[in-house]
Amino acid sequence: MEKRDFKISSTLVWLLVIGYFIFTGFGALFKIMHWEYSFFLLMMGLMFLFSIWIIVLSDMFNNKIYNKAFWIISMFIIPIIASVFYLIQRKRLLRLGEKFS
């Protein structure tokens, strides 16, 4: 199995991550200040998180990465932190997966 790129652009995946942090941050601020639309912003952040999670998890299953079990388990325990670290380390993990397989 050869390594593949994301089904969508990696720039779009990073934009989803940035959007998640923006919507969740503003949603939390709106919730703390008891302003309107906090529910909408938090739901948008949750939808961004879910889409990031699906994209990254499918990329983990489709590619041969180093220490795949660790990354998949960490996606269920700490989803956003594992997703961001995976996106940062993706090229290295693919290279190590090809080397040690």
Side-chain angles (χ1 to χ4, degrees):
M1 177 186 284
E2 72 277 352
K3 64 181 176 181
R4 296 182 233 156
D5 285 339
F6 286 113
K7 301 283 185 200
I8 60 174
S9 141
S10 63
T11 306
L12 183 61
V13 177
W14 277 108
L15 286 175
L16 286 172
V17 170
I18 292 168
Y20 162 75
F21 283 117
I22 290 172
F23 278 114
T24 305
F26 279 116
L29 177 67
F30 276 42
K31 191 74 164 172
I32 289 170
M33 301 301 286
H34 300 288
W35 293 341
E36 294 182 33
Y37 306 114
S38 64
F39 179 76
F40 171 74
L41 292 172
L42 289 172
M43 285 304 296
M44 287 296 295
L46 190 61
M47 287 191 302
F48 276 39
L49 173 66
F50 186 67
S51 62
I52 295 165
W53 191 79
I54 293 293
I55 292 167
V56 170
L57 199 62
S58 67
D59 186 64
M60 285 180 187
F61 280 121
N62 289 336
N63 289 318
K64 195 177 280 190
I65 62 171
Y66 181 68
N67 219 349
K68 187 183 277 193
F70 165 76
W71 285 102
I72 291 174
I73 291 170
S74 67
M75 283 292 289
F76 287 100
I77 297 173
I78 44 175
I80 192 62
I81 295 171
S83 299
V84 170
F85 282 138
Y86 176 77
L87 289 172
I88 293 170
Q89 296 289 323
R90 183 177 184 271
K91 288 183 182 177
R92 182 177 156 264
L93 292 170
L94 290 172
R95 195 173 53 245
L96 287 173
E98 292 295 322
K99 181 179 178 181
F100 292 121
S101 64

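Everything quoted here is computed from the prediction, not taken from an experiment. Numbers for residues simply follow the sequence, beginning at 1.
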How many angstroms lie between atom [atom1] of [X] and atom [atom2] of [Y], to the nearest 0.5 angstrom?
| X | Y | atom1 | atom2 | result |
| --- | --- | --- | --- | --- |
| Met44 | Ile22 | CE | CD1 | 11.5 Å |
| Leu87 | Leu93 | CG | CG | 10.5 Å |
| Ile52 | Ile80 | CD1 | CD1 | 4.5 Å |
| Ile65 | Asp59 | CD1 | CG | 7.5 Å |
| Ser51 | Leu49 | OG | CG | 8.0 Å |
| Arg95 | Tyr66 | CZ | OH | 13.0 Å |

Practice item. Specify whether Phe26 and Phe30 have parallel, tilted or perpendicular ring planes, treating 30° as the upper limit for parallel and 60° as the lower limit for perpendicular. Key: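 Perpendicular: the ring planes of Phe26 and Phe30 meet at over 60°.
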Check your understanding: Which of parallel (below 30°), tilted (30 to 60°) and perpendicular (above 60°) describes Phe48 and Phe23?
Key ->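 Perpendicular.
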Can you tell if the side chain of [X] reaches within under 4.5 Å of the side chain of [Y], non-hydrogen atoms only?
| X | Y | answer |
| --- | --- | --- |
| Tyr20 | Phe50 | no |
| Leu16 | Ile55 | yes |
| Tyr86 | Arg90 | yes |

Exercise for review: Treat each ILVMFWY residue as a node, draw an edge where side-chain heavy atoms are under 4.5 Å apart, and state whether Leu15 and Leu41 are in one component.
Suggested key: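 Different clusters.
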Review point. In terms of hydrophobic clustering (I, L, V, M, F, W, Y; side-chain heavy atoms under 4.5 Å; direct or indirect links), are Trp53 and Ile77 co-clustered?
Key: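 The answer is yes; both residues are in one hydrophobic cluster.
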Practice item. Determine the minimum heavy-atom distance between Met75 and Met60, stating which atoms define it. Key: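 Taking every non-hydrogen atom into account, CG-CE, 3.5 Å.
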Review point. Can you name the nearest heavy-atom pair linking Ala28 to Leu42, along with the distance?
Key: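 Where Ala28 meets Leu42 most closely, the heavy atoms are N-CD2, 3.8 Å.
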Review point. With distance as the sole test, does Trp71 use its side chain to make a donor-acceptor pair with the main-chain N or O of Ala82 at under 3.5 Å?
Key: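 Absent.
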